[in-house]
Amino acid sequence: MKKWIHSLTALCLLAGMLCFTAGCEAPIPADTAYIDSSNIFGGGYCASSGATHLCSSRTTKGLYKLNSDGKATKQFSNTSASYINATEDYIYCIDNSIGIVRMDKNGKNRITILEDLAKYLNVTQTEMYYYDIVTSCVKRVQLSDISESNRRTPYQVVLNRAISQLYIYDGNMYFVDSEGEAALTRIPLSSLNELADETKQYEDVAEVLVQERVSQFVIYGNKIYYTKQSITMGEVDDSASGIFRTDLDGSNNEVITEENASCFVILNDIIYFVRPNYRSYSSLMTISIADNMIGTPEEQAVDNPTSLCITDNFVIMDCSADSYNYYRAVKQGRKEFKYTDVE
C-alpha cells in the first residue's frame, strides 16, 4: 500500500531540474532567509538545499527526503514539520508537538531549540526569526547561542505586534501587519534593536509598501507579488482578489491577473495559483512571467488543488481528488502522471 507524501495527494511539477540536482545553487546572502518566500503562506512543508529536497507529510506524520524524481526515499522524522529551512549544514523546522528543532542534513542529531508555539520560521546564516503565536510577537535568536543540551535558547523580542506572514530578505523584515489593516510592511533589520529597546517607535521604522489588505505575498526577482483580500458586503472574504506585483519599495504597481487566487507560488518564472470556482471546486492556473513579461493565465489538468509549496524542482500541492498522482511537466505541453510513494 502506498504512503503518500502529503495529505490526499502529493502533486509535483518537475521544472529546471538539471542545475539544482547537481547542487549548483546560488549562495544565500547572510541577511536573507533560507526558506523560500513562496512557502511562507502555505506552511513551509517543503524545502531544498543543493541536492537535498524535503517534504513533510500530514497524513503519515513524517519528514521525508525526496529524490530528483519526487519519490520519497528516506524518512528523517516520524512527526510533521512546517516552515522548513534547509541550510548548508542543518535542517531547521517547527515540530508542532515540540517546538523549533534542528537536525543534520541526514536527519540525525536532532535537538530541540525552543519549545515555543511558533510560526513563520526564518533562518539566516547567523540568526533565526519566528512568530510566537501565544505572545503575538516576533522573536530573534542568534544561531551561535544554540546549545544541544538547552531547550530554552536565549531570544530577543524584536517586534511586539500581531502579524501574519514574515520573510527576511536582503536586510529587511517583510510582513503583513495584522494590527494595521493587513498592510504589507517592511522594517530594516538594522532598526530592530532600536525598536526592541524602545529608543524608536514602530511608526519611526516601519514602512508601509502596500496599504490595501494583503492576503499573501511572495518576493521573487526583486519584485513583490501579492494578492489582496476581497471585501464582500463590507466584510473581509477569505478568498483573494487578483495577483499584483510591485517593486521592493512599493512603487510601480502592476496587475498580473484579475483572476481570483486563494494561494500562489512562483518557480522558474512561472506563477502557479489556485483559482477557486463555483461550489468549492478549484483549478490550478499558471502564468509565465519570463523576461519580466506577463503571460496569459492557463488552466492545468489538475483536480481540486487546495494548497501549494515548492522545492527547487517541484510544485507540491494538496489535491482533493480521488486518485493519487505525481504530476510532471514535460515539453510540448505533454503531461506525465506517476505515483509518489514512500519506500
Side-chain angles (χ1 to χ4, degrees), residues 5-7 10-13 20 25 28 32-50 52-66 70 72 76-77 79-87 90-103 105 107 110 113-114 116-124 127-133 138-141 143 163-169 173-176 215-220 225-227 262-267 272-274 305-318:
I5 291 300
H6 202 54
S7 59
L11 182 150
C12 308
L13 292 100
F20 292 111
E25 59 179 9
I28 300 294
T32 294
Y34 283 90
I35 190 172
D36 195 294
S37 66
S38 282
N39 291 341
I40 298 294
F41 184 79
Y45 55 82
C46 303
S48 289
S49 176
T52 300
H53 310 290
L54 304 166
C55 184
S56 176
S57 168
R58 295 178 185 173
T59 54
T60 59
K61 302 257 183 221
L63 175 61
Y64 296 90
K65 180 180 179 180
L66 308 180
F76 281 170
S77 72
T79 56
S80 296
S82 60
Y83 302 103
I84 304 169
N85 288 247
T87 73
Y90 297 108
I91 299 168
Y92 296 83
C93 63
I94 295 175
D95 184 324
N96 292 332
S97 63
I98 299 175
I100 302 174
V101 300
R102 187 191 75 184
M103 66 191 78
K105 292 287 286 290
R110 176 186 171 108
I113 299 173
L114 284 160
D116 290 352
L117 187 59
K119 295 176 70 174
Y120 313 133
L121 179 65
N122 280 242
V123 179
T124 69
E127 298 174 325
M128 180 174 71
Y129 296 81
Y130 66 96
Y131 182 67
D132 188 312
I133 300 173
V138 178
K139 296 179 178 179
R140 178 175 62 191
V141 171
L143 299 186
I163 67 168
S164 65
Q165 302 176 69
L166 167 70
Y167 187 58
I168 306 299
Y169 179 78
M173 175 189 296
Y174 293 82
F175 58 94
V176 175
S215 176
Q216 178 190 0
F217 73 91
V218 171
I219 296 179
Y220 182 87
Y225 295 77
Y226 65 95
T227 56
S262 59
C263 60
F264 72 99
V265 297
I266 307 177
L267 181 64
Y272 300 83
F273 70 97
V274 174
T306 56
S307 68
L308 306 174
C309 202
I310 66 172
T311 69
D312 285 340
N313 287 3
F314 308 105
V315 174
I316 300 175
M317 67 178 59
D318 283 340

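Nothing here was measured: the structure is a model prediction, and the numbers come from that model.
Between the OH atom in Tyr130 and the CG atom in Asp116 there is a gap of 3.5 Å [rounded to 0.5 Å]. For the atom pair CD1 of Ile94 and OG1 of Thr79, the computed distance is 12.5 Å after rounding to the nearest 0.5 Å. For the atom pair Ile91 CD1 and Leu54 CG, the distance stands at 4.5 Å (nearest 0.5 Å). Rounding to the nearest 0.5 Å gives a distance of 12.5 Å between SG of Cys55 and CD1 of Ile310. The CZ atom of Arg102 sits 15.5 Å away from the CG atom of Asp95 when rounded to the nearest 0.5 Å. To the nearest 0.5 angstrom, Met103 atom CE is 4.5 Å from Cys93 atom SG.
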Practice item. Go through the steps for Ile35 and Tyr167 under the test side-chain contact (heavy atoms from CB on, under 4.5 Å), then give the verdict. Key: CA-CA 8 Å; Ile35 190 172; Tyr167 187 58; 4.3 Å; yes
Practice item. Evaluate side-chain contact (heavy atoms from CB on, under 4.5 Å) for Phe41 paired with Val218, printing each intermediate quantity in order. Key: CA-CA 9 Å; Phe41 184 79; Val218 171; over 6 Å; no
Practice item. Determine, step by step, whether Leu143 and Tyr92 satisfy the side-chain contact (heavy atoms from CB on, under 4.5 Å) criterion, reporting the C-alpha distance in whole Å, the side-chain angles of both residues, the deciding distance to 0.1 Å, and the verdict. Key: CA-CA 11 Å; Leu143 299 186; Tyr92 296 83; 4.0 Å; yes
Point to revise | From CA spacing to verdict: side-chain contact (heavy atoms from CB on, under 4.5 Å), Ile163, Met173 | key: CA-CA 12 Å; Ile163 67 168; Met173 175 189 296; 5.8 Å; no
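Checking side-chain atoms of Glu127 against main-chain N and O of Arg140 turns up no donor-acceptor pair under 3.5 Å. Between the side chain of Ser56 and the backbone N or O of Tyr45, no donor-acceptor pair lies under 3.5 Å. Asp312 places no side-chain N or O within 3.5 Å of a backbone atom of Ser49 that could act as its donor or acceptor partner. Of the possible polar contacts, none joining the Asn85 side chain to the Ala33 backbone as a donor-acceptor pair under 3.5 Å is found. Within the 3.5 Å criterion, the main-chain N or O of Ser215 finds a donor-acceptor partner in the side chain of Gln165. A donor-acceptor pair is defined here as one N or O able to donate and one able to accept, closer than 3.5 Å; such a pair exists between the side chain of Asn122 and the backbone of Leu166. Distance alone, capped at 3.5 Å, is enough to place a donor-acceptor pair between the Lys105 side chain and the Thr87 backbone. Between the side chain of Ser38 and the main chain of Val265, no donor-acceptor pair closer than 3.5 Å is present.
Ring pair Tyr83/Tyr120 is perpendicular by interplanar angle, where above 60° counts as perpendicular and below 30° as parallel. Classification of the Tyr225-Tyr220 ring pair by plane angle, with boundaries at 30° and 60°, yields perpendicular.
The shortest non-hydrogen separation linking Cys263 to Gln216 is CA-OE1, 3.3 Å. Scanning all heavy atoms of the two residues, the minimum distance from Leu63 to Ala81 falls at CD1-CB, 4.3 Å. In terms of heavy atoms, Ala47 sits closest to Thr311 at O-CG2, 3.8 Å. The two residues Val176 and Phe217 make their nearest non-hydrogen contact at CG2-CD2, 3.9 Å. Nearest heavy atom pair, residue Asp132 against residue Lys139, reads OD2-NZ, 2.8 Å.
Considering only heavy atoms from C-beta on, Ser82 comes within 4.5 Å of Asn96 through its side chain.
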